[in-house]
Structure formats: C-alpha cells, structure tokens
Amino acid sequence: MKAAITATAKYLPDGVITNFDLERLLETNDEWIRSRTGISERRIEKDPSRATSFLCGEVAKQLLDKRGIPATDIELIIVATMTPDMLFPATACLVQGIIGADNAWAFDLNAACSGFIFALNTAAQFIESGAHKKVMVIGGDKMSSIVDYADRSTAILFGDGAAGVILEPADEGYGILDAKLYADGANGKDHLLMTGGGSLHPATAETVEKRMHFIHQDGKQVFKAAVTAMADTAAEIMQRNGLNAENISWLVPHQANQRIIHATAERMGLSDEKVISNIANYGNTTAGTIPICLAELEEQGKLHRDSNLVMVSFGAGYTWGGMYVKWQ
Ligand code: UT7
C-alpha cells in the first residue's frame with residue numbers, strides 16, 4: 001500500500017520585504033539579488049507573537065477544511081522545521097493543540113531545507129505499514145527569526161512561510177511511488193549552520209555578541225554541492241522510475257536559488273514550463289518551499305489524476321533527496 005496526498009494548503013504572512021527594502025539596510029542591490037538568486041521579495045511575519053507554530057497552525061486548519069474531516073481523525077502530525085517556537089516542546093505538539101487533534105501523536109523533524117521531503121517519506125512509512133490512515137505533514141520556517149539582517153550574504157535569501165499536506169492510503173498504482181534520501185554530515189556540517197543555542201554553545205552574552213544565534217552559510221560551497229546533488233538525484237529518480245522529459249508533468253524543486261533550479265531542470269531535459277518556481281515572490285522558506293509549490297499547483301488546477309511529479313531538495317546537513325509522486 002502506498003501513501004497519497006489528499007489535501008494541500010499553504011500560509012504566507014502578509015509582510016513583504018522587497019529587494020529595494022534590503023537596499024536600504026545593506027550594501028546590495030535589486031539587480032544583483034535578482035540575477036544571482038532569482039528573488040525579488042520575500043514574506044515576513046512581523047508580529048513577534050506569531051512563531052512557526054502559528055504559521056503551521058494556519059496550514060493545519062486549512063488542511064482539515066479542505067479535506068472536510070475533524071481534527072480528531074488525524075493520527076499523526078509531523079512538522080518539518082529548523083525554526084521551532086522553542087527547542088521543546090515540539091512545534092508539532094503546539095500545532096496539535098491549536099487544532100485539537102486529540103487522537104494524534106506528534107513530533108518535529110529537522111532536515112533543514114530537505115525537511116518536508118524527509119517528513120513526507122517518514123509519514124508515508126506509517127501509511128504503507130498500515131499503522132495509520134491519516135497523517136498531517138507540514139513544513140514551515142520563520143526564517144526571519146534566525147536571519148542576520150546585517151549579513152548581506154544570507155539576509156537576501158530567506159523568507160517566512162509554511163505549507164503542508166494530508167497523507168492517506170493511495171489507490172493502487174498512485175501516490176508516493178519512490179523516494180531516495182541522502183545525508184552527508186562529514187562534508188556538510190560546517191558550511192550551513194547556526195552554532196548558538198544548542199548544547200554545544202548554549203546561549204550566553206558571548207554567543208549573542210558573536211552573532212552565533214543567526215544562520216551562517218558559505219554560499220559558494222553550498223551552491224556547488226546543491227547543484228550537483230539536486231541534478232544527480234533528479235536524474236536518479238527519473239532513471240529508477242522510467243521517467244523522461246515527456247512523461248514528467250512537474251518538477252517541484254526546493255527554492256534556494258533560481259540558478260540551482262535551472263541547472264536541475266537542464267540535467268533532466270525539462271522545458272521551463274514544467275518547472276515550478278515561485279522563488280521570486282517568497283525567497284527560500286526552507287522546509288516550506290516544496291509544499292508551498294504543491295499548494296499553489298493545486299490552487300491553480302494544475303494537478304490531475306496521473307500527473308507525474310518529481311520533487312528534489314538540498315539543505316543543511318548536508319541533506320538532500322528526491323521523490324516521485326503519481327497524483328491520484
Ligand atoms: O537552501 C539551502 C541551500 N542553500 C543554497 O542552496 C544557497 C546556495 N548558495 C547561493 O545561492 C549563492 O552562493 C549565493 C546567492 C549565496 C551567493 O551567490 P554567488 O554567485 O555564489 O556569489 P558570491 O558569494 O561568489 O559573491 C560574489 C560577489 C562577492 O564580491 P567579490 O568578492 O566578487 O567582490 C560578494 O562579496 O558578490 C558579493 N556579494 C554581494 N553583492 C551584492 C555577496 N552578496 C551580495 C549581495 N549584494 N547580497
């Protein structure tokens with residue numbers, strides 16, 4: 001038995017930071033940002049009382065509405081995030097409380113930008129094993145809470161956002177048909193990270209002074225690794241599943257940089273109209289990017305029975321992976 005996506009939903013806060021806004025804060029410019037990343041603006045949750053659980057809670061409520069089921073039908077909630085409200089309790093538990101999913105267990109999964117795909121594949125195992133019939137998977141990050149708006153190499157990239165799906169047993173031949181996930185901590189751990197606030201460097205005046213509670217990235221290293229890993233994984237998913245440029249309906253890639261998306265699509269031989277990109281509007285929402293794309297595809301009526309979707313991601317860890325879904 002395979003697992004199928006039976007509902008999608010997204011939540012993006014109203015606040016907008018454009019490249020021109022950033023020009024006023026940093027030594028950067030709209031032309032540089034657009035040509036190097038594809039980003040024009042990003043959404044920011046400006047209300048400090050609204051953390052990741054708020055974003056994900058809004059997604060969870062919409063998912064229940066769209067599927068037309070009560071919260072008590074949900075058996076498991078997985079939230080993929082690297083910006084939980086707090087280190088504990090898990091943001092998934094906060095979401096469970098928000099919607100009143102009293103019969104669910106709940107936990108967070110942190111695989112950074114690959115979080116949604118990792119969580120979706122984890123959730124699918126509970127459907128495939130027969131353990132559960134309704135699982136909610138949400139990817140969301142309030143990146144503005146860890147972005148250093150004095151660092152032009154990262155401040156331009158990230159935005160806030162969340163989205164998710166409900167997973168249920170699939171019709172024969174449909175659903176999540178393949179997933180191949182990877183991690184490489186040996187080579188990835190030093191290039192994209194936040195060093196402060198964990199058990200290695202608990203918060204002190206010094207960690208604050210050294211800006212250790214912000215995201216740090218060696219952009220060039222991560223770019224090189226991301227291009228290779230995303231393109232290789234996409235090609236592997238195609239090869240394993242007999243997919244080609246004609247029978248793929250949509251490539252749904254992680255939205256980190258338009259140049260990485262383009263390189264992945266090129267390797268797959270896909271024409272631009274099959275490649276989902278909304279990075280111009282939202283930047284990189286980390287665990288939110290792929291499910292936001294899915295929710296927009298569904299809103300636009302572009303997902304049909306038999307649509308073949310390939311999703312690929314790359315993020316801190318390093319973590320990366322690909323997935324093949326036949327829409328039911
Ligand atoms: O989702 C998780 C995975 N993350 C990623 O996939 C991100 C991967 N990395 C990237 O997307 C790109 O490396 C960046 C967009 C972060 C940077 O683009 P780049 O083409 O690799 O630029 P660079 O770091 O090589 O910098 C080129 C130049 C440098 O100046 P010099 O040394 O050539 O004089 C930078 O100082 O651009 C400068 N620069 C900027 N200029 C204007 C760097 N950031 C900016 C900026 N505005 N914001």
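Computed from a predicted structure; not experimentally measured. When a ligand or atom number is given, it counts from 1 through the structure's own listing order.
- Among protein heavy atoms, the minimum distance from atom 30 (O) of ligand 1 is reached at Arg152 NH2, 4.6 Å.
- Under the 4.0 Å distance rule, the nearest protein heavy atom to atom 33 (O) of ligand 1 falls outside the cut-off.
- For atom 41 (N) of ligand 1, a protein heavy-atom neighbour is present inside the 4.0 Å cut-off.
- Of the N or O atoms in Lys220, one or more lie within a sub-3.5 Å distance of an N or O in ligand 1.
- Among the candidates Asp178, Asn308, Asn241, the single residue satisfying the side chain to side chain donor-acceptor pair (under 3.5 Å) test with Tyr324 is Asn308.
- Taking distance alone, with nitrogen or oxygen atoms compared against 3.5 Å, His254 approaches ligand 1 more closely than that limit.
- A salt bridge does not link Glu172 with Lys2: every distance from a Lys NZ or Arg NE/NH1/NH2 to an Asp or Glu carboxylate oxygen is 4.0 Å or more.
- Of all atoms in ligand 1, numbered sequentially from 1 with element shown, those under 4.0 Å from a heavy atom of Asn284 are 1 (O), 2 (C).
- Nearest non-hydrogen protein atom to atom 14 (C) of ligand 1 is Asn257 ND2, 4.5 Å.
- Of all heavy-atom pairs spanning Leu120 and Ile176, the tightest one is CG-CD1, 3.8 Å.
- For ligand 1, the polar-atom distance check finds no N/O of Ser153 at less than 3.5 Å from any of the ligand's N/O atoms.
- The pair Lys61-Asp65 does not meet the salt-bridge criterion, since no charged nitrogen lies less than 4.0 angstrom from a carboxylate oxygen.
- Ligand 1 places these atoms under 4.0 Å from at least one heavy atom of Ala256: 1 (O), 5 (C), 6 (O).
- Counting only residues at least two apart or on different chains, the side chain to side chain donor-acceptor pair (under 3.5 Å) pairs with a member in residues 82-100 are Thr52-Thr83, Ser53-Asp85, Thr81-Thr83, Thr83-Asp141.
- Considering only non-hydrogen protein atoms, atom 4 (N) of ligand 1 sits nearest to Gln217 OE1, 3.1 Å.
- Using a 4.0 Å cutoff on heavy atoms, Leu192 counts as a contact of ligand 1.
- Listed by number with element, the atoms of ligand 1 under 4.0 angstrom from any heavy atom of Thr37 are 15 (C).
- Atoms of ligand 1 lying under 4.0 Å from any heavy atom of Gly219, numbered from 1 in the order shown and given with element: 8 (C), 9 (N), 13 (O).
- In terms of protein heavy atoms, atom 22 (O) of ligand 1 is closest to Arg36 NH1, 3.4 Å.
- For Phe126 and Trp105, the distance between ring centers is under 6.0 angstrom.
- Taking 4.0 Å as the cut-off between side-chain N and carboxylate O, Glu168 and Lys134 count as a salt-bridged pair.
- In terms of protein heavy-atom proximity, atom 39 (N) of ligand 1 is nearest to Trp32 CZ2, 3.4 Å.
- Taking the centre and axis of the six-membered ring of Phe158, the NZ or CZ atom of Arg42 falls outside the cone set by 45° and 6.0 Å.
- Around the CD atom of Glu206, the shell of radius 6.0 Å holds no more than 12 heavy atoms that belong to other residues, nucleotides or ligands.
- Arg67 and Asp73 are not joined by a salt bridge, as no carboxylate oxygen comes within less than 4.0 angstrom of a charged side-chain nitrogen.
- Of all the atoms in ligand 1, the ones that sit under 4.0 Å from a non-hydrogen atom of Cys113 are 1 (O), 2 (C).
- Side-chain atoms of Asp184 and Asn187 form a donor-acceptor pair, as typed in the model, at a separation below 3.5 Å.
- Of the protein's non-hydrogen atoms, Val222 CG1, 3.6 Å is the one closest to atom 3 (C) of ligand 1.
- A heavy-atom distance below 4.5 Å is found between the side chains of Val137 and Phe116.
- Arg259 NH2, 3.6 Å is the protein heavy atom nearest to atom 18 (O) of ligand 1.
- Considering backbone and side-chain N/O atoms, Ile260 never comes within less than 3.5 Å of an N/O atom of ligand 1.
- Looking only at protein heavy atoms, the nearest one to atom 46 (C) of ligand 1 is Thr28 OG1, 3.3 Å.
- Listed for the Arg43 side chain is no donor-acceptor partner under 3.5 Å among the backbone atoms of Tyr282.
- Atoms of ligand 1 lying under 4.0 Å from at least one heavy atom of Ile156, given by number and element, are 48 (N).
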